[in-house]
Every structure is written in structure tokens, then in C-alpha cells.
Amino acid sequence: IVAIAAGRADLVHIHTCSGRTFWRDCVHALVARLMRRGVIWHVHGGRFAEFAAGCGPVGRAVMRRAFESASAVIVLGDTWRRQLMPYAPRARWRVVPNGVPLAEGPLGERGETFLFLGHFGRDKGAAELVQAAALAAGRGRKLRVDLAGHETAPHQRDKLADVAARAGLEDHVRFLGVLAGPAKQAALASAGCVVLPSYVEAMPMALLEAMAHGRAVIATHVGAVAEVITDGVEGFLIAPGDADALADAMTRLAEDPSLRQRMGRAGRRRAEQRFSADAMGKRVLAIYNDVLEARP
């Protein structure tokens, strides 16, 4: 608040999500408007529509006022614009997909490992991934799975390891811990496919990072994922919680290296065209310029 009041900026760009973060950011937006700054909201978080629906009449009235008085409201995809527009019909809605740096150097895969990037809570579907690997093993195909992430509750990793052990996959399911920086880049570079069996997403960065590295993807049809992946082109889309379909998709990609590579190349092309950090930056800059030109 002190920075907003003391700064000389013409615009205040607020990245927000659901819960207490949003109500705190409403205070930031109010201060910015009192100081005659332009306000741009940037909405993230896979549960924001659920949060908006549960706010109650007063909360929704505050949200409507906050969004409709802003210079622009940025969402990650057309899916999110359609879901949130009823809460603020006169807001200046703009769509800017997330962007990631494009991987450099050779992008050829080095194996058929299935890489998971996320936490081990229910929302990310780690349990369904290990269950799918167990189903595939029962059908005679042992898949190699690397899980990179952290627990959101005690013993989640132990439970996943128990499922793998009962399926005879102790040597095929590895827990890599939390990866960042060069370690994450190395894991993406060596994977054959990235798997995101989430129940809730907005536009997952892990999905875009996989495409930027030229990796085939298996993901669920949630949030704006379908605006990123076309089923059968850059990867496969399945329903959340469908371990059988996940096992089938993983087995198909494990057995068909040319399909993995073809999907990976398609994903890289799409990342270059629409989901690079450079493309995102240009879209945000265009919104800044539009807002500044429209301000008195």
C-alpha cells in the first residue's frame, strides 16, 4: 500500500487468486484508484470461479465493483472469461495465456520416462498416475514414472510408494523431490512424456514447460488445458480421475516412440507460436499501451 501511494507509476498490475488474497488485493486496488492510478487485475488459480460462486451477495458485489472499475481484467483463457464474465459483465476482459521460456539446444527425447511435476495432493492427481502405472503393469507393461514434487499432507509419498510396491514397480516409480532451475530443466530434457492428471487447473505452467521442451503431454480436460492441447495432436486429454484411460494413453505412448516425438514437435511449435514468454510479454505490453492511451 505504501509503495502504491508513494510510487509514480501510472498503472498498478495486480496478480490475484481466490480467498484472502483477493480481498487483500481489493484494498490494493482501492488505494490505487484513490491515488488515480490505473488498475489491471490478472486472475490466476484454478478455483477462482468456484470462489466467486461462493462469495455470497455482498462478496460478489465487491468483486463486480472491483473488476468493472478496473482498466482491464486479464484471464488466462477464453474458458475463464466465459466463466467469470457473469460476475462482472461490464469489465474490460482480456485474455493473455501464460508463457514460458523456450528450451534451447537439442530437443530429442532420451527415453520413455513419464514425468510428473506438481504436489502430491488430490488436486494434481498423483495418486491416479501411480494407479495407472499399476494398471499398466497388471496388463504386462511396466512403465517408468518420475514424480517431482512435495507433500501437502503427511504420508502422501508413502501411500504412493505402497501402491507402486504392490504392483512390483519399486524400481520403476521414483520420487525426485522438488525440482527447480537446472534440475527441472534436466528432468524435462530427459523425459519422454509429461503427465498432468489434475482435477483443478487454470493454465498449468508445467504443461507449457513440457511443450517448450518438445515433450508429448497427457493431461486432463480441466480449466483452460483444452485451449493449449488438442487431443491427439500435442498429446492426449482424458477425464480427471480416469486411471484406466490414463494407463491406456501412457501405454500407447510408451510403445510408439514416433508418436511421442511427433506430438512433442507439435507441442513445441504451438509453444513457439502462442505460449512463449515473449508472446505473453507482447500481449501484456499491448494492454498497457491500450490502457494508457485511453486514460485522460
Side-chain angles (χ1 to χ4, degrees), residues 76-79 95-118 124-125 129 132-133 136 141 143-148 176 179-198 201-239 245-283:
L76 303 181
D78 287 318
T79 300
V95 173
V96 178
N98 282 333
V100 295
L102 297 173
E104 299 178 356
L107 299 176
E109 65 170 87
R110 300 176 186 172
E112 59 180 50
T113 299
F114 293 88
L115 176 65
F116 169 90
L117 295 168
K124 292 295 184 181
L129 173 55
R141 179 74 191 195
L143 305 173
R144 188 170 297 280
V145 176
D146 283 349
L147 294 102
L176 307 182
L179 299 182
K184 182 165 71 169
Q185 302 306 311
L188 285 163
S190 62
C193 176
V194 172
V195 188
L196 298 167
S198 308
E201 288 288 1
M203 182 175 285
M205 299 299 287
L207 172 61
L208 304 183
E209 289 171 334
M211 295 167 65
H213 278 78
R215 296 294 167 256
V217 176
I218 304 172
T220 45
H221 199 302
V222 295
V225 170
E227 297 180 39
V228 181
I229 296 292
T230 300
D231 186 36
V233 180
E234 297 89 5
F236 292 121
L237 292 179
I238 61 171
L246 180 55
D248 290 341
M250 292 170 68
T251 300
R252 182 174 175 186
L253 285 175
E255 295 177 347
D256 192 340
S258 64
L259 177 62
R260 291 200 307 271
Q261 294 163 8
R262 187 163 64 250
M263 287 181 165
R265 289 193 296 268
R268 170 68 182 206
R269 287 193 298 269
R270 185 144 170 77
E272 291 171 348
Q273 295 164 1
R274 187 164 172 76
F275 302 111
S276 69
D278 183 60
M280 179 183 180
K282 288 177 179 177
R283 291 186 181 97

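Shortest non-hydrogen contact noted between Gly125 and Pro197 is O-CG, 3.2 Å. Between Glu227 and Phe275, the shortest heavy-atom contact is O-CZ, 3.9 Å. Nearest heavy-atom pair across Ala136 and Ala247 is N-CB, 4.3 Å. Across Val145 and Ala133, no two heavy atoms sit closer than the pair CG2-CB, 4.1 Å.
With sequence neighbours excluded, no residue forms a side-chain hydrogen bond (donor to acceptor under 3.5 Å, both in side chains) with Glu234. Here Ala226 pairs with His221, Leu237 under the side-chain contact (heavy atoms from CB on, under 4.5 Å) rule; sequence neighbours left out. Residues meeting the side-chain contact (heavy atoms from CB on, under 4.5 Å) test with Asp248, sequence neighbours left out: Arg139. Qualifying side-chain contact (heavy atoms from CB on, under 4.5 Å) partners for Ala254, counting only residues two or more places apart in sequence or in other chains: Glu112, Phe114, Arg141, Leu143. Val95 pairs by the side-chain contact (heavy atoms from CB on, under 4.5 Å) definition with Val75, Asp78, Arg81, Pro97, not counting sequence neighbours. Listed by chain and number, the residues in a side-chain hydrogen bond (donor to acceptor under 3.5 Å, both in side chains) with Thr220 amount to none (sequence neighbours excluded).
Considering CG of Leu76 and CG of Asn98, their distance stands at 4.5 Å, rounded to 0.5 Å. Taken from CG in Leu115 to CG in Leu179, the straight-line distance is 7.5 Å, to the nearest 0.5 Å. Separating the CD1 atom in Ile218 from the CZ atom in Arg252 is a distance of 10.5 Å, to the nearest 0.5 Å. Between the CZ atom in Arg265 and the CZ atom in Arg215 there is a gap of 11.5 Å [rounded to 0.5 Å]. Distance CZ/Phe116 to CG/Leu196: 7.5 Å, rounded to 0.5 Å.
Proximity of a side-chain donor or acceptor of Arg260 to a complementary backbone N or O of Leu253 within less than 3.5 Å is detected.
Residues Thr113 and Ser190 are not in side-chain contact: their nearest non-hydrogen atoms beyond the backbone lie 4.5 Å or more apart. Residues Val217 and Met263 are not in side-chain contact: their nearest non-hydrogen atoms beyond the backbone lie 4.5 Å or more apart. The shortest distance between side-chain heavy atoms of Leu117 and Leu188 falls below 4.5 Å.
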Exercise. Dump the intermediate steps for side-chain contact (heavy atoms from CB on, under 4.5 Å) on Leu129 and Lys124, then the final yes or no.
Key: CA-CA 10 Å; Leu129 173 55; Lys124 292 295 184 181; over 6 Å; no
Could you list the donor-acceptor pairs under 3.5 angstrom formed between side-chain atoms of residues 204-214 and any protein atom two or more places apart in sequence or on another chain?
unit_1 : atom_1 : unit_2 : atom_2 : d
Glu209 : OE1    : Lys184 : NZ     : 3.3
Glu209 : OE2    : Lys184 : NZ     : 3.0
His213 : ND1    : Glu209 : O      : 3.0
His213 : NE2    : Gln185 : OE1    : 2.9

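Contacts classified as side chain to side chain donor-acceptor pair (under 3.5 Å) and involving residues 270-283 (residues at least two apart or in different chains) are given here: Arg268-Glu272, Asp278-Lys282.
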